[in-house]
Visitor: 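Dumping the structure here so I can ask a few things about it.
All values derive from a computational prediction rather than experimental measurement.
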Amino acid sequence: MSDLASPPKVIITGATSIIGRFLLPRLVNAGYEVHAISRNCRENPGAADKKVFWHPVDMTHPEQLPRINAQALIHLAPLWLLPPLLPVLSSLQIKRIIGFGSTSLFSKASSADTGEQQLVARFVAAEEAITRLSSTLEMNWTIFRPTLVYDCVHDKNIAVIARFIQYYGFFPLLGEASGLRQPVHADDLAEACIMALNQPVTFCRAYNVSGGETLSYRQMVERIFSSLGKPARFLIIPAWLFRGAIRVIMLLPGKRNMTPEMAVRMNVDLCFDHTDATQDFGFSPRLFWPC
């Protein structure tokens, strides 16, 4: 008896990211053979399966990419690492690419913080390079720009707020904290990859992928308090004091990524319409509820 046809193969770069934790098992369940790329090759405990193969590769060295006859690559690592990979992928006859950018491309475009300006510039340059190179190499790309991504455990947004509340029993806010937010769960982004992977309508397009609910920053934090079974307690801080506190916190180990701009944005709307994603491939994100 002849062997069954081998399953289609997909390469995942940045496989140990929070989206990867959900995407790998989804791909396996959808019948794919998954080749997971990670610099430290730490296996994802949620994707332990004979159809998941791990490869220790440093994405800053595209030549290390394994020679796999794959149908597609889903890039979960920083978007600016994708353009140098495209010629290598083309040589492997891989013509389908999905990558993740960020709505920070828009929300931080006018930031006064130098680091955030540089981040925006990297996203812009990466998207332009992907568009240009993919056209030359005849590759079908899709870029997802998520809003505030969470998984309740490993993310740097909701999980960080939850840990602060658990430890201190309150949360500091700048003024009314009225800026609107649309938290999007990492699993919804993983599902978006599956849904768009073989949809020609998504080829050579970028999509904003926001959460299924719009809340003010304060309402978002109140929801986190509720999920932890704690009464909402806030410390309302004036802008000048909040900015000063952030500058002090930035001096602490591991806190350099915090900026005064983060505090200001508590009162700025960061909303992005995902109607195009819904119409083109059925994107339907869940309501926000921290797990």
Visitor: Is Glu222 paired with Arg218 through a side-chain N to carboxylate O contact shorter than 4.0 Å?
Guide: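 Between Glu222 and Arg218 there is a salt bridge, with a charged N closer than 4.0 Å to a carboxylate O.
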Visitor: Using a strict 4.0 Å threshold on nitrogen-to-oxygen distance, state whether Asp187 and Arg26 make a salt bridge.
Guide: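 Looking at Asp187 and Arg26, the cut-off is met.
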Visitor: State, to 0.1 Å, how close Arg233 and Gly169 come at their nearest heavy-atom pair, and which atoms those are.
Guide: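 Residues Arg233 and Gly169, closest heavy atoms: CB-O, 3.7 Å.
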Visitor: Show your reasoning for whether side-chain contact (heavy atoms from CB on, under 4.5 Å) applies to Ile12 and Leu27.
Guide: CA-CA 10 Å; Ile12 310 297; Leu27 285 167; 3.5 Å; yes
Visitor: Look at the side-chain heavy atoms of Ile, Leu, Val, Met, Phe, Trp and Tyr, link any pair under 4.5 Å apart, and say whether Val149 and Leu287 land in one connected group.
Guide: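 No; Leu287 is not reachable from Val149 via cluster members.
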Visitor: Could you measure the distance from the NE2 atom of His75 to the CD1 atom of Ile37? Nearest 0.5 Å is fine.
Guide: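 It comes to 11.5 Å.
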Visitor: Closest heavy-atom contact between Ala192 and Phe283?
Guide: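 Nearest heavy atoms, Ala192 then Phe283: CB-CD1, 3.9 Å.
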Visitor: Measure the shortest side-chain to side-chain distance between Pro183 and Asn157 over non-hydrogen atoms and say whether it is less than 4.5 angstrom.
Guide: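 Result no, sub-4.5 Å side-chain heavy-atom pair not found.
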Visitor: Are Val124 and Leu82 joined in one hydrophobic group, where the rule is that I, L, V, M, F, W and Y side chains link up if heavy atoms are under 4.5 Å apart?
Guide: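 As far as the 4.5 Å side-chain criterion goes, Leu82 and Val124 are connected within one cluster.
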Visitor: More than 12 heavy atoms of other residues, nucleotides or ligands under 6.0 Å from CZ of Arg286: yes or no?
Guide: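 Yes, enclosed.
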Visitor: Check whether any side-chain N or O of Asn29 sits under 3.5 Å from a backbone N or O of Pro25 as a donor-acceptor pair, and report yes or no.
Guide: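 Answer holds: yes.
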Visitor: When you look at His274 and Val184, which way does the side-chain contact (heavy atoms from CB on, under 4.5 Å) test go after all the steps?
Guide: CA-CA 11 Å; His274 61 251; Val184 59; over 6 Å; no
Visitor: Measure the spacing between CD1 of Ile97 and CD1 of Ile11 and express it to the nearest 0.5 Å.
Guide: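 Between atom CD1 of Ile97 and atom CD1 of Ile11 there are 8.5 Å.
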Visitor: Taking Thr60's backbone N and O only, do any of them form a donor-acceptor pair with Asp58's side chain (distance below 3.5 Å, no angle check)?
Guide: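 Present.
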Visitor: Can you establish whether the number of heavy atoms outside Gln64 located under 6.0 Å from its atom CD is more than 12?
Guide: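 Check passes, neighbour count above 12.
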Visitor: Within a strict 4.5 Å, meaning less than it, do heavy atoms of the Lys51 and Tyr32 side chains meet?
Guide: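 No, side chains not in contact.
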Visitor: In Å, rounded to the nearest 0.5 Å, how long is the span from CG of Asn267 to OG of Ser178?
Guide: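 Going from CG on Asn267 over to OG on Ser178, the span is 4.5 Å.
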Visitor: Assess whether side-chain contact (heavy atoms from CB on, under 4.5 Å) is satisfied between His55 and His35, documenting all intermediate values.
Guide: CA-CA 7 Å; His55 305 270; His35 290 264; 2.9 Å; yes
Visitor: Holding to salt bridge (Lys or Arg N to Asp or Glu O under 4.0 Å), I want the full list of residues that pass it with Glu127, two or more places apart in sequence or in another chain.
Guide: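 With sequence neighbours excluded, Glu127 shows a salt bridge (Lys or Arg N to Asp or Glu O under 4.0 Å) to Arg145, given in chain and number order.
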Visitor: Is there a side-chain contact between Arg67 and Leu92 in this structure, where contact means two heavy atoms from C-beta onward sitting under 4.5 Å apart?
Guide: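 Arg67 reaches Leu92 side chain to side chain.
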Visitor: Once you round to the nearest 0.5 Å, how far does CD1 of Ile19 lie from NE2 of His154?
Guide: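 Rounded to the nearest 0.5 Å, the CD1-NE2 separation comes to 13.5 Å.
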Visitor: Can you see which heavy atom on Ala36 is nearest to which on Leu24, and at what distance?
Guide: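 Looking at all heavy atoms of both residues, the shortest contact is CB-CD2, 4.0 Å.
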Visitor: Can you see which heavy atom on Leu76 is nearest to which on Gly14, and at what distance?
Guide: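 What the structure gives for the nearest pair is CB-O, 3.5 Å.
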Visitor: Quick one: closest heavy-atom pair of Pro146 and Gly101, and the distance?
Guide: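 In terms of heavy atoms, the two residues are closest at CD-O, 3.4 Å.
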Visitor: Is the shortest side-chain heavy-atom distance between Val10 and Leu73 below 4.5 Å?
Guide: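 Contact flag for Val10/Leu73 side chains = no.
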Visitor: Begin with the C-alpha distance, continue with both residues' side-chain angles, and end with the deciding distance and a verdict on side-chain contact (heavy atoms from CB on, under 4.5 Å) for Lys95 and Ser90.
Guide: CA-CA 7 Å; Lys95 297 297 184 181; Ser90 180; 4.1 Å; yes
Visitor: Of Tyr168, Phe170, Phe171, Phe234, which is the lone residue that meets ring pair (Phe, Tyr, Trp, His ring centres under 6.0 Å) with Phe225?
Guide: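 Per the ring pair (Phe, Tyr, Trp, His ring centres under 6.0 Å) rule, the option paired with Phe225 is Phe234, out of Tyr168, Phe170, Phe171, Phe234.
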Visitor: Does the side chain of Ile237 come within less than 4.5 Å of Pro172's, by heavy atoms?
Guide: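 The answer is yes, as the side chains (C-beta and beyond) meet within the 4.5 Å cut-off.
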Visitor: Can you get from Phe203 to Leu137 by hopping between Ile, Leu, Val, Met, Phe, Trp and Tyr side chains that sit under 4.5 Å apart?
Guide: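 No, because Phe203 and Leu137 fall into different hydrophobic clusters, even though each may have its own neighbours under 4.5 Å.
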Visitor: Mind telling me whether His185 and Phe22 have parallel, tilted or perpendicular rings, with 30° and 60° as the class edges?
Guide: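 Ring orientation of Phe22 relative to His185: perpendicular.
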Visitor: Quick one: does any side-chain atom of Gln71 pair with a main-chain N or O of Lys9 as donor and acceptor, under 3.5 Å?
Guide: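 Yes.
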Visitor: Would you say the side-chain atoms of Ser216 pair up with the backbone N or O of Gln219, donor to acceptor, closer than 3.5 Å?
Guide: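 Flag set: sc Ser216 to bb Gln219 pair under 3.5 Å.
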Visitor: For Phe272 and Thr147, work out which heavy atoms get closest and say how close.
Guide: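 Closest approach of Phe272 to Thr147, heavy atoms only: CD1-CG2, 3.8 Å.
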Visitor: So, does Ser91 use its side chain to make a donor-acceptor pair with the main chain of Val88 at under 3.5 Å?
Guide: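 Answer holds: yes.
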Visitor: First locate atom CD of Gln117, then atom OG of Ser110, and finally report the distance between them rounded to the nearest 0.5 Å.
Guide: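 It comes to 9.5 Å.
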Visitor: Applying a strict under-4.5 Å side-chain criterion to I, L, V, M, F, W and Y, I'd like to know whether Ile165 and Ile236 cluster together.
Guide: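 Yes, because Ile165 and Ile236 connect within a single hydrophobic cluster, where side-chain heavy atoms sit under 4.5 Å apart.
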Visitor: Taking the six-membered ring for Trp, are Tyr150 and Phe288 closer than 6.0 Å centroid to centroid?
Guide: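 Yes, the ring of Tyr150 comes within the 6.0 Å limit of the ring of Phe288, centre to centre.
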Visitor: Taking the side chain as every heavy atom from C-beta outward, state whether Val57 and Pro66 have any pair of such atoms under 4.5 Å apart.
Guide: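 Of all side-chain heavy-atom pairs linking Pro66 with Val57, at least one is under 4.5 Å.
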Visitor: Tell me, please, which residues at least two apart from Asp280 pass salt bridge (Lys or Arg N to Asp or Glu O under 4.0 Å).
Guide: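 Only Arg205 meet the salt bridge (Lys or Arg N to Asp or Glu O under 4.0 Å) criterion with Asp280.
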Visitor: If you define the side chain from C-beta out and look only at heavy atoms, does anything of Phe100 sit under 4.5 Å from Cys193?
Guide: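 In contact.
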Visitor: So does Glu138 have more than 12 non-hydrogen atoms from other groups sitting under 6.0 Å from CD?
Guide: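 Check fails, neighbour count at 12 or below.
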Visitor: Would you check if Phe53 and Ile68 make a side-chain contact, meaning some heavy-atom pair closer than 4.5 Å?
Guide: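 No. Closest side-chain heavy atoms not under 4.5 Å.
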Visitor: Under 3.5 Å, is there a donor-acceptor pair between the Arg96 and Thr202 side chains?
Guide: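 Present: a donor and an acceptor within the cut-off.
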Visitor: Find the distance between CD1 (Ile224) and CZ (Arg163) and round it off to the nearest 0.5 Å.
Guide: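 These two atoms lie 11.0 Å from each other.
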Visitor: Are Leu180 and Leu174 connected, step by step, through hydrophobic side chains (Ile, Leu, Val, Met, Phe, Trp, Tyr) whose heavy atoms are closer than 4.5 Å?
Guide: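 Result: no, two separate clusters.
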